[in-house]
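Lettering follows sequence order; numbering is per chain, from 1. The figures here come from the full heavy-atom set of this structure, side chains too, leaving out hydrogens, waters and symmetry mates.
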Amino acid sequence: MKIVIAEKPSVGRELAKVFGATTRKDGYIEGKGYSFTWAFGHLLQLAPPQDYGFIGWRKQHLPMLPAKFKLAIRKIKTKDGFVEDPGVRKQLDIIKKLFDEATEIIVATDAGREGELIFRYIYYFLKCKKPFKRLWISSQTDEAIKDGFRNLKPGTDYDTLFNSAHCRSESDWLVGMNATQALSISAGNKSVLSLGRVQTPTLAMVCARYLENKNFVPQTYFQIGIQLDKDGQLFKAISVANYKTQEEAQAIFDKVEDVASGVALGGNITAVEAKPRKEPPPLLHDLSSLQQEANKKHGFTADQTLNLLQNLYESKLVSYPRTGSRYIGDDIFATVPALINNLVVHPEFGRSATFLQTATLSKRSVNAKKVTDHHAILPTGIQPQHLSKDHQAIYDLVVGRMLEAFHQECVKEVTKITIESGTTFQANGTVIRSAGWRSVFNEVEDDKKDEDNPALPKVKKGELLPIVNKALLEKQTKPKPLYNEASLLKALETSGKEIEDEELRYAMKDSGLGTPATRAAIIETLLTREYISREKRNLVPTLKGLAVYEIVKDKKIAQAELTGQWEKRLEEIRAGASVTEFKAEIAEYTKNITQELLVAGASLSAQLAETPATV
DNA sequence: GCAAGGTC
């Protein structure tokens with residue numbers, strides 16, 4: 001019997017289907033000489049400190065540097081504390097039984113670093129010695145699966161990939177566990193002050209933005225606004241220049257001729273420019289863009305959106321949710337017309353779907369090379385029944401975005417009119433000539449400036465128009481806004497893009513901080529630790545968060561660059577470099593940060609005692 | 001009690 005092990009049940013079932021294996025057993029599917037089983041993501045994790053004899057949080061244990069790491073079955077939190085997840089234990093038993101009977105093991109976990117680690121941890125935990133082959137595919141279509149099985153790779157081809165994954169895992173443990181205990185202990189052991197490669201730079205971003213926002217000194221400046229009349233149609237224009245003082249602005253203001261002052265034709269049109277602007281349809285959603293959209297449109301948190309989406313996935317209504325790709329391959333594209341046909345009777349989207357039935361579909365989101373482990377989020381075509389309001393909202397975002405992504409470009413006409421009257425004024429107007437993809441939701445854009453006119457009248461250069469109104473406008477410069485769930489997700493995704501060191505920037509180009517699957521959890525962790533809190537839709541630091549930030553802000557652990565440095569080294573390891581040197585460096589860094597924090601945390605002790613939890 | 005990673 002050949003055993004195929006997938007990362008998750010949905011993939012195991014899909015592989016079984018392609019082979020025509022149909023006998024459903026508890027935890028696997030059998031048929032055609034194969035058994036198809038699966039994990040549920042990581043079943044095993046690095047054992048916690050107490051498993052190495054580091055009982056309690058004590059200064060003399062630090063730094064904790066286990067000579068050999070142990071694996072432990074994934075735990076869940078219950079009212080009696082942390083216990084082994086019974087579902088995980090059961091599935092491991094099933095996998096063990098299958099491995100014992102196996103003539104051959106085929107590894108079909110996701111094609112990437114963590115997929116490799118998920119399998120290897122199971123394999124080593126079960127002390128399995130049988131050889132294994134690797135299925136390496138980047139698309140889940142029947143053809144890609146069959147092709148992959150015809151081209152199975154020797155399992156040892158991926159030893160270096162496992163090495164890099166293993167280093168990532170142990171390094172995160174060493175730095176995270178030690179730094180957390182060091183800071184918590186030195187701050188008096190009153191609460192958990194967690195630190196980590198991802199959560200601490202994230203906290204730093206929230207704190208830095210908060211302080212920048214709070215300490216921002218607004219600058220007052222002045223502009224002049226006028227209203228002109230073209231044959232009864234009024235429109236607004238604003239001075240191109242900003243004035244630092246009211247006197248300066250007033251002097252110009254007095255020169256602006258207007259009807260009230262008896263000058264009927266005060267505005268001289270010096271230029272008219274009308275240009276079409278084309279906006280291509282947006283890309284399909286990946287998890288992060290969907291979380292951002294759901295936060296903006298419905299106020300859902302990243303965590304809520306992920307949960308709702310996971311439910312839809314489990315009900316087989318949408319494709320795999322934790323994807324980082326906004327593209328699909330040609331094979332999936334071939335199924336899109338049928339998905340669109342499903343929607344012609346839809347009350348909200350029927351009109352767009354009907355239009356797309358006969359239109360040429362945009363291929364902007366079609367690019368097999370940009371599909372990584374999973375493609376962009378799409379509906380499956382199964383008709384939903386009785387969705388809750390929240391599930392429906394998320395489902396509609398998925399379906400609506402699909403229609404947008406394959407729709408036509410939006411064509412706008414952007415008009416700029418320049419007017420002279422004492423100074424130079426400009427009027428901006430945007431008219432949608434052809435809504436294209438924007439017709440799907442038919443919403444007003446949120447980034448509209450209030451000085452913009454919806455439509456401008458037809459005017460010609462050299463025309464004189466009466467200014468019927470003028471106003472001296474007092475304005476203030478604005479700080480960068482506080483982070484909210486959407487902007488923080490975006491910042492995590494793109495962090496690394498601003499790193500100065502080119503090599504580190506390159507190393508982080510595909511990753512950012514965290515992964516699509518973990519970013520919601522990172523935000524939740526910071527909330528659980530009471531480092532940050534939600535205020536309306538914003539994420540702001542607490543006093544505790546700010547106090548921790550003050551201690552770590554100049555240290556490597558608070559910087560996205562740390563991930564860049566690791567990624568660079570991990571990629572070298574994947575390409576065959578030795579792991580000994582990297583491990584030694586991590587051990588050295590662990591010792592240093594632990595020492596630093598054992599000293600630095602003392603200042604926190606008094607501070608945390610006398611301050612309330614929130615700002 | 002603690003990381004980051006994956007998933008039901």
Measuring from the side chain of A:D110 (C-beta onward, heavy atoms only), which nucleotide among B:dC2, B:dG1, B:dT7 has the closest atom? B:dT7
Between A:L44 and A:F54, the residue closer to the 5' end of DNA chain B by nearest nucleotide is A:F54
Can you identify which nucleotide, out of B:dG1, B:dT7, B:dA3, has its nearest atom closest to the A:F82 side chain? B:dG1
Rounded distance in Å - CG (A:D172) to C1' (B:dA3): 6 Å
Between A:R322 and B:dG5, is there a contact of a side-chain N or O with OP1 or OP2 at under 4.0 Å? no
Using only modelled atom types and a 3.5 angstrom limit, is any donor from either the side chain of A:Q91 or the base of B:dC8 paired with an acceptor on the other? no
A:I122 CD1 to B:dT7 P, in whole Å, measures 13 Å
Under 4.0 angstrom, heavy atoms only, what part of the nucleic acid is A:G81 near: base, sugar-phosphate, or nothing? nothing
Atom pair distance, as rounded to whole Å: CZ in A:F69 and P in B:dA3: 14 Å
What contact category does A:Y313 fall into here, base, sugar-phosphate, or nothing, at under 4.0 angstrom with non-hydrogen atoms? sugar-phosphate
Quick one: which of A:F99, A:F162, A:F132 gives a ring-ring contact (aromatic ring centres under 6.0 Å, His included) with A:Y124? A:F162
Does A:R120 form a salt bridge (Lys or Arg N to Asp or Glu O under 4.0 Å) with A:D159? I'd like the steps, not just the answer. CA-CA 10 Å; A:R120 299 277 184 136; A:D159 285 355; 2.9 Å; yes
Side-chain atoms of A:Q45 come closest, of B:dT7, B:dA3, B:dC2, to B:dA3
Distance check: side-chain N/O of A:Q199 vs OP1/OP2 of B:dA4, anything under 4.0 Å? yes
Cationic N near anionic O, under 4.0 Å, A:D110 to A:K8: yes
Give a yes/no answer on whether the side chain of A:R168 brings an N or O atom under 4.0 Å of OP1 or OP2 in B:dA3. no
Closest to the side chain of A:S194, out of B:dC8, B:dA3, B:dG1, is B:dA3
For B:dA3, does either OP1 or OP2 sit under 4.0 Å from a side-chain N or O belonging to A:R529? yes
Pick base, sugar-phosphate or nothing for A:Q50, based on heavy-atom distances below 4.0 Å to the nucleic acid. base
Touch class at under 4.0 angstrom, heavy-atom based, for A:N189 against every strand present: base
Contact class for A:P49 vs. all strands (heavy atom < 4.0 Å): base, sugar-phosphate, or nothing? base
Check the distance between B:dA4's C1' and A:I557's CD1 and give it to me in whole angstrom. 12 Å
Checking contacts here: which listed nucleotide (B:dT7, B:dG1, B:dG5) is nearest the side-chain heavy atoms of A:P9? B:dT7
Is it the case that the base of B:dC2 and the side chain of A:Q181 share a donor-acceptor contact (distance under 3.5 Å, atom types as modelled)? yes
Could you check how far CG of A:N311 sits from P of B:dT7, rounded to whole Å? 16 Å
Just call it for A:S171: base, sugar-phosphate, or nothing, with non-hydrogen atoms closer than 4.0 Å on any strand. nothing
Listed pairs under 3.5 Å, donor-acceptor, residues 55-67 of chain A side chains, sequence neighbours left out:
none

Check whether A:Y506 forms a cation-pi arrangement with A:K568 (NZ or CZ under 6.0 Å from the six-membered ring centre, at most 45° off the ring normal). no
What is the distance, rounded to the nearest whole Å, between atom CG of A:L562 and atom C1' of B:dA3? 12 Å
Students often get this wrong, so: under 4.0 angstrom with heavy atoms, is A:V192 touching a base, only sugar-phosphate, or nothing? base
For A:D303 and B:dT7, give me the distance from atom CG to atom P, rounded to whole Å. 15 Å
How would you label the contact of A:L195 with the nucleic acid (heavy atoms, under 4.0 Å): base, sugar-phosphate, or nothing? sugar-phosphate
Distance, rounded to the nearest Å, where A:L492 contributes CG and B:dA4 contributes P: 12 Å
Assign each of A:T180 and A:A39 the nucleotide of DNA chain B bearing its closest heavy atom; nearer the 5' end lies the nucleotide of A:T180
Tell me yes or no: between the side chains of A:N295 and A:Q291, is some donor less than 3.5 Å from an acceptor? no
Determine, answering yes or no, if A:W173 is stacked on B:dA3 under the 5.5 Å centre rule and the 30° plane rule. no
side-chain hydrogen bond (donor to acceptor under 3.5 Å, both in side chains) assessment of A:S325 paired with A:T323: CA-CA 6 Å; A:S325 173; A:T323 177; 5.0 Å; no
